[in-house]
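Working notes, beginning with the structure itself.
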2 protein chains.
Amino acid sequence: MEFSTIEIEKAATILKLLGDKTRLTMVKMLDTNDYCVCEFVEIFKVSQPAISQHVRKLKDAGLVRETRRSQWVIYSLNKESDVLPFVQSLIDHLPKQDFKLQELEQQGLRISCE
Amino acid sequence: MEFSTIEIEKAATILKLLGDKTRLTMVKMLDTNDYCVCEFVEIFKVSQPAISQHVRKLKDAGLVRETRRSQWVIYSLNKESDVLPFVQSLIDHLPKQDFKLQELEQQGLRISCE
DNA sequence: TACTTATATAATAATTTGCTTATATAATGA
DNA sequence: TCATTATATAAGCAAATTATTATATAAGTA
């Protein structure tokens with residue numbers, strides 16, 4: 001076997017989670033940068049509660065972590081997730097989403113909370 | 001880029017399709033053997049129409065092909081699907097399901113339509 | 001031809017999903 | 001303290017999903 005394997009049931013759960021364009025894009029974006037909720041709101045053109053609900057599902061699956069930095073909550077990929085290798089091999093097939101970050105910057109909407 | 005990429009939207013559609021334990025298992029099984037509907041019915045403990053509906057979704061996505069051999073309809077992976085590389089890299093992480101075939105054979109339920 | 005076996009399709013019901021709006025909580029700053 | 005900004009949670013609703021049962025179609029066989 002080439003790779004470490006993951007139980008079919010667990011894999012199906014992850015695939016279902018990522019079988020949504022918004023969440024899949026979020027995970028691909030988080031592969032190269034951290035993002036706060038308000039940035040996702042700008043990018044995905046849906047309501048703030050909708051975004052909160054998506055990131056919550058990712059968090060419940062252990063795929064992302066959240067860190068509060070003053071009034072913002074920053075989301076990042078959880079490098080310690082046991083399913084990350086599986087997820088990583090999957091998102092490696094997706095085109096980079098860096099242009100979304102650049103759009104944010106051009107609109108002056110990138111958060112930098114230092 | 002290491003791999004050929006697949007559009008995010010297309011990827012999300014495939015992941016949603018495979019985000020179901022039954023369909024994901026089917027695809028993993030079809031990676032090493034062809035199966036007919038009645039065999040899937042035995043294996044998955046759901047009704048025959050439920051199985052037909054699952055394989056239909058896989059077929060609509062171009063992931064499997066069907067061949068009629070006398071009264072049986074045999075399903076196989078469509079080697080020409082443009083998303084097969086993506087799907088393949090994903091199911092490579094799943095444990096082999098050969099034991100299911102062996103169970104079928106032990107119960108005398110393996111179809112051989114020659 | 002009539003019966004059996006294998007499969008597909010239609011109709012339907014229960015559950016889940018993904019959004020919305022309204023509201024609560026948490027941190028910041030005047 | 002009070003207002004503002006960022007985020008989370010709750011409630012409600014429409015659409016999608018996945019199973020079921022009933023029925024249609026297709027092939028094989030007596």
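So that the names make sense, note that chain A is the first sequence line, chain B the second, and so on, each numbered from 1.
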Discussion item. Does Gln53(A) contact dA8(D) through a side-chain donor or acceptor facing the base, at a distance under 3.5 Å?
Written reply: no
Item to complete: Measure from CG on Leu15(B) to P on dT17(C) and round the result to the nearest Å.
Response: 16 Å
Worksheet item: Once you round it to whole Å, what is the distance between C1' of dT17(C) and CZ of Arg23(A)?
Response: 8 Å
Item to complete: Among Glu39(A), Glu42(A), Glu103(A), find the residue that satisfies the salt bridge (Lys or Arg N to Asp or Glu O under 4.0 Å) test when tested with Arg110(A).
Response: Glu39(A)
Discussion item. Quick check for you: among dT21(D), dG28(D), dA27(C), whose closest atom lies nearest to any side-chain atom of Ser47(B)?
Written reply: dT21(D)
Worksheet item: How about Leu104(A) and Lys100(A): do any of their side-chain heavy atoms sit closer than 4.5 Å?
Response: no
Worksheet item: Closest to the Pro49(A) side chain: dT20(C), dT28(C), dT7(D)?
Response: dT20(C)
Discussion item. Heavy atoms from C-beta onward define the side chain here; which of dT17(D), dT28(C), dT7(C) lies closest to that of Val37(B)?
Written reply: dT7(C)
Worksheet item: Is any side-chain N or O of His54(A) closer than 4.0 Å to OP1 or OP2 of dC19(C)?
Response: yes
Fill in: Minimum-distance nucleotide (side-chain atoms of Asp20(B) versus dT18(D), dA8(C), dT7(D))
dT18(D)
Worksheet item: The side chain of Ala50(A) lies closest to which of these nucleotides: dA8(C), dT20(C), dT7(D)?
Response: dT20(C)
Discussion item. Output the rounded distance in Å from CD (Gln71(A)) to P (dT5(D)).
Written reply: 10 Å
Practice prompt. For Lys16(A), report the nucleic acid contact type (base, sugar-phosphate, nothing); a contact means any heavy atom under 4.0 Å.
Written response: sugar-phosphate
Worksheet item: Should Lys96(B) and Thr5(A) count as side-chain neighbours, where that means a heavy-atom distance under 4.5 Å?
Response: no
Practice prompt. Ignoring backbone atoms, establish whether Lys57(A) has a side-chain N or O less than 4.0 Å from OP1 or OP2 of dT17(C).
Written response: no
Worksheet item: Which is true for Tyr75(B) with a 4.0 Å heavy-atom rule: it touches a base, it touches only sugar-phosphate, or it touches nothing?
Response: sugar-phosphate
Worksheet entry | Spacing between Asp60(B) atom CG and dT17(D) atom P, to the nearest angstrom | 12 Å
Worksheet item: Can you find a side chain N or O atom of Arg68(A) that sits less than 4.0 Å from OP1 or OP2 on dT7(D)?
Response: no
Worksheet item: Taking atom types as they are modelled, is there a donor-acceptor pair under 3.5 Å from the base of dA8(D) to the side chain of Gln48(A)?
Response: yes
Item to complete: Locate the shortest heavy-atom distance separating Ser81(A) from Pro85(A); write the atom from each residue and the value.
Response: O-CD, 4.0 Å
Fill in: Nucleotide dT18(D), atom C1' - distance to CZ of Arg56(B) in whole Å
16 Å
Worksheet item: Starting at CD of Glu66(B) and ending at C1' of dT7(C), how long is that distance when rounded to a whole Å?
Response: 10 Å
Discussion item. Please report the distance, rounded to the nearest Å, between CG in Leu58(B) and P in dT17(D).
Written reply: 14 Å
Discussion item. Between Lys10(B) and Asp82(B), does any side-chain N to carboxylate O distance fall below 4.0 Å?
Written reply: yes
Worksheet item: CZ of Arg69(B) versus C1' of dA26(D): gap in Å, rounded?
Response: 18 Å
